Structure formats: structure tokens, C-alpha cells
Amino acid sequence: MSDFVSGFWDMYVAGLVIVSIIACLILLVLSGKAKAMTASDNTTGHVWDGDLREMNNPLPRWWSYLFVITVIFGFGYLALYPGLGSYPGLLGWTSRGLHAAEVKAGDEATAPVYARFASMTTEDIAKDPAAMAIGERLYSNNCAQCHASDAQGNKGFPNLTDNDWLHGGTPEKITETITGGRIGNMPPMAAAVGTEEDVKNVAQYVLSLSGSPHDAAKAALGKEKFAVCAACHGADGKGMQAVGSANLTDNIWLHGFGEKAIVDMVNNGMQNVMPPQAKLLTEAQLKVLTAYIWGLSNKS
Ligand code: HEC
Ligand code: HEC
């Protein structure tokens with residue numbers, strides 16, 4: 001409600017609410033007084049199914065009182081809780097406040113569980129079965145929708161179990177990735193490479209780097225063109241974690257295998273985004289989750 005730019009809508013909404021409640025009350029009183037047309041035998045004259053006649057009996061008292069009670073309840077509720085325009089209510093209750101309080105209570109309740117891990121190293125936490133059970137749940141809740149429930153990823157979403165890292169697999173780098181997110185940014189390179197043929201040759205050269213099936217003659221032609229790629233992928237094609245460029249020699253393909261996939265990468269480039277997760281996790285959760293991810297590819 002505080003988003004209203006003019007006070008008018010605030011009053012308008014509050015006015016509508018009060019008028020509606022009063023209108024209910026008036027309707028109740030009037031309908032109690034209204035006389036239905038009745039025959040002398042106290043029936044309304046409506047007959048169904050041959051002989052089912054509608055009588056004109058008043059509502060039971062307790063029933064009418066229920067209506068009055070709901071009206072009184074309505075006013076009481078509106079005094080205590082937000083409901084009248086932007087009036088916040090005497091209790092100052094907000095759904096955001098409730099959520100924050102519940103999150104705080106939850107964090108306090110779990111703090112003793114996490115306390116044990118505070119002084120442990122990533123390596124030790126990764127060996128702790130209780131910590132790994134927690135890590136697995138944190139992973140399922142926050143990460144599985146993108147990296148898959150077995151953490152083996154999918155096209156565009158890296159496998160976290162294979163010890164092949166775009167951005168680095170040390171605990172520090174993993175924490176950095178989780179908190180700040182990552183953008184894997186490869187610009188479209190076709191213009192820098194040259195003709196369509198040149199792009200295909202470079203793709204064949206890239207395939208040769210991982211020993212994948214390729215056309216050796218075309219790859220030899222593409223090798224020279226790879227110079228424009230080397231700035232990010234390194235002269236040897238092994239990638240640079242500082243720029244998040246992929247290792248092209250390991251036969252692990254984030255964006256698909258084969259000449260067409262590589263040509264598409266070169267022609268269109270790629271903006272692959274992992275959103276920052278810092279707000280979703282407490283410090284303690286982050287530490288355990290980092291150890292869980294680290295442990296996936298560093299089994300002891
Ligand atoms: C909305 C989808 C999405 C969610 C949610 C997500 N990720 Fe990611 N994550 C990605 C993408 C996409 C990348 C690849 C970024 C790139 O190409 O540079 C990535 C990259 C990573 C990397 C770096 C991998 C590497 O090779 O360096 C790690 C580690 C990671 N995510 C862990 C997590 C964890 C842990 C969570 C849960 C807290 C999580 N991700 C949640 C999409 C997501
Ligand atoms: C400005 C830096 C930059 C340049 C130049 C560059 N790349 Fe990339 N490339 C990247 C990044 C970053 C990624 C990872 C994208 C991601 O995280 O999803 C990538 C990914 C790729 C992939 C996908 C790898 C996979 O696992 O699926 C291929 C193939 C590729 N590059 C080929 C090339 C070729 C060929 C060239 C030269 C014509 C080139 N790149 C030039 C930054 C670059």
C-alpha cells in the first residue's frame with residue numbers, strides 16, 4: 001500500500017472497506033425487518049417437487065448473531081492488522097516482519113548444529129558425514145534446479161563432480177562462485193576469425209585439441225586462426241580460470257560437442273550466467289555447502 005503515489009487511493013480503498021462493512025450491517029437489519037408475502041398458513045407460496053413448500057420462518061437468533069459477530073470481528077481485525085488503506089494496524093504486523101522473524105528463529109535453532117564446523121577446515125568438513133548430509137540438503141534446495149540433483153549438470157550448467165573447473169575448484173574459488181555468481185562471457189568471434197570456412201577450420205582444430213574425431217587437413221588450416229582464441233583459452237587451449245574460459249582439450253563440453261556446437265559458439269558467443277546466491281545462505285551454511293561441493297570431486 002505504501003507504493004501509492006497519491007493519498008487519494010489510500011482513502012479510496014479504506015473508504016470502500018468501511019462502507020462495505022456498514023452496508024452488510026444495514027442489509028442484515030433491513031432483511032430482518034422485511035416481511036415476505038405469506039399466505040395465512042405461513043408459507044411463501046413456493047412449491048417444489050410436487051409438495052415441498054417453503055415456509056417463512058425467521059432465522060434462528062444465534063444464526064443472526066453470527067452475522068453481527070463477524071461485523072464486530074471485522075472492525076477489530078482492521079484496528080489491529082493492516083487492511084485499511086495504508087494504515088499499518090495497532091500491532092504493527094507485516095508479512096515481511098513475520099518472515100524475517102521466522103528466518104531468525106530458524107537460524108538460531110540451527111546455529112548449535114553448525115557451531116561445530118566453524119573451526120574445521122573444508123577438508124575435514126567434507127569428511128564429516130553429518131556435515132555432508134546437511135550439505136546435500138542445502139544443495140538440493142538451492143542448486144539442484146540448475147546443476148541437476150546428482151550435481152552432474154546439464155548443457156550450459158556445469159558438472160560439479162568432474163574436477164573440471166571454469167572458475168577454479170579451490171574452496172576459496174567455490175565460495176566466491178556461490179556468493180557472487182559467475183558470468184561466463186565469450187564474445188561472438190566470427191568476424192575476428194574470418195570466413196565461414198575459416199570458422200569451420202578453427203572448429204576442427206578445437207576438436208583436434210581433445211583428440212576427438214576431426215579432419216586433420218582442416219584442423220591444420222584452423223590452427224593459425226586459433227590465435228584470436230588464445231587470448232582467452234590460452235595458446236594450448238587449456239583455458240584460463242581468471243576469465244572463466246573453458247578448457248578445450250579435455251573432451252568435456254559444456255555447450256555441446258561437435259563441429260556445429262563449436263561453430264555456434266564462435267558465431268554467436270555466449271553469456272552464461274549463474275546468479276549470486278549470497279542472500280540465500282548464512283555464513284555457516286555457505287561454509288558447509290562449499291565443503292560439500294569441494295568434496296564431490298575430491299573424494300578421499
Ligand atoms: C539459475 C541457475 C543456477 C543456480 C541456482 C546455481 N547455479 Fe551454479 N552455475 C550456473 C551456471 C549457468 C554456471 C556456469 C557459469 C559460467 O558459465 O561461467 C554455474 C557455475 C557454478 C560453479 C562454477 C563451476 C566451475 O566450473 O567453475 C559452481 C561451483 C557452482 N555453479 C555452484 C553452485 C552452487 C553450490 C549453487 C547453489 C547454492 C549453484 N551453483 C546455483 C547456474 C546456476
Ligand atoms: C574474450 C574471451 C574469449 C575468446 C576470445 C574466446 N573465447 Fe571461447 N569461451 C570463453 C569463455 C568465457 C567460455 C566459457 C563460456 C561459459 O562459461 O559458458 C568459452 C567457451 C568456449 C567453448 C565451449 C566449451 C565447452 O565446454 O562447451 C568453445 C568451443 C569455445 N569457447 C571456442 C572458442 C574459439 C574457437 C574461440 C576463437 C575463435 C574462442 N572460444 C574465443 C571466452 C572466450
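A quick note: this is a predicted structure, and the numbers were derived from the prediction, not measured. In listed order, ligands and their atoms are each counted from 1.
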- Message: At less than 4.0 angstrom from any non-hydrogen atom of Ile252, what atoms of ligand 2 do you find?
- Response: 26 (O)

- Query: What N/O/S atom of His147 gets nearest to atom 8 (Fe) of ligand 1?
  - Reply: NE2

- Under a 4.0 Å heavy-atom limit, does Tyr139 contact ligand 1 with its side chain, its backbone, both, or neither? neither

- Item | Atoms in ligand 2 with a heavy atom of Asn185 nearer than 4.0 Å | 12 (C), 42 (C)

- Which of the numbered atoms in ligand 2 are below 4.0 angstrom from a heavy atom of Val193? 38 (C)

- For atom 36 (C) of ligand 1, which candidate among Cys143, Ala278, Ala144 holds the nearest heavy atom? Cys143

- Task: With heavy atoms of Val228 as the reference, note each atom of ligand 2 found under 4.0 Å away.
- Result: 5 (C)

- Message: Any heavy atom of Asp164 closer to ligand 1 than 4.0 angstrom?
- Response: yes

- atom 26 (O) of ligand 2: which of Asp264, Asn272, Leu254, Val206 has the nearest heavy atom? Leu254

- Item | Element-labelled atoms of ligand 2 that are located less than 4.0 Å from some non-hydrogen atom of Val243 | 12 (C)

- Which residue from His167, Arg182, Gln145 reaches closest to atom 18 (O) of ligand 1 through any of its heavy atoms? His167

- If you measure from the Lys or Arg side-chain nitrogens to the Asp or Glu carboxylate oxygens, is any gap between Glu283 and Lys287 under 4.0 Å? no

- Pick, from Gly244, Gly153, Pro158, the option with the minimum heavy-atom distance to atom 13 (C) of ligand 1. Pro158

- Task: With heavy atoms of Val202 as the reference, note each atom of ligand 2 found under 4.0 Å away.
- Result: 35 (C)

- Kindly compute the distance separating NZ (Lys299) from OG1 (Thr161), expressed to the nearest 0.5 Å. 8.0 Å

- Looking only at non-hydrogen atoms, which of Met274, Gln285, His255 approaches atom 19 (C) of ligand 1 most closely? Met274

- Proximal ligand 1 atoms for Phe157, defined as those under 4.0 Å from one of its heavy atoms: 12 (C), 42 (C)

- Query: Which residue owns the protein heavy atom closest to atom 25 (C) of ligand 1, what's the atom, and how far is it?
  - Reply: Leu166 N, 3.3 Å

- For ligand 1, which atoms sit closer than 4.0 Å to a heavy atom of Ile178? 35 (C), 38 (C)

- Select one of side chain, backbone, both or neither to describe which atoms of Pro187 lie under 4.0 Å from any atom of ligand 2, heavy atoms only. side chain

- Item | Reference residue Leu286; test side-chain contact (heavy atoms from CB on, under 4.5 Å); the match among Thr175, Leu280, Leu138 | Thr175

- Task: Looking only at protein heavy atoms, identify the closest one to atom 23 (C) of ligand 1 and say how far it is in Å.
- Result: Thr177 CG2, 3.7 Å

- Query: So which protein heavy atom does atom 1 (C) of ligand 1 come closest to, and at what separation?
  - Reply: Cys146 SG, 2.7 Å

- Just wondering, are more than 12 heavy atoms of other shown residues or ligands nearer than 6.0 Å to OH in Tyr12? no

- Among all protein heavy atoms, pick the one closest to atom 17 (O) of ligand 2 and tell me residue, atom and distance. Gly184 CA, 3.3 Å

- Can you tell me how far OH of Tyr205 sits from CG of Asp198, rounded to the nearest 0.5 angstrom? 15.0 Å

- Note on the structure: Listed as residue and atom, the protein N/O/S atoms under 2.8 Å from atom 8 (Fe) of ligand 2 are Met186 SD, His233 NE2

- Query: Under 3.5 Å between some N or O of ligand 1 and some N or O of Val273?
  - Reply: no

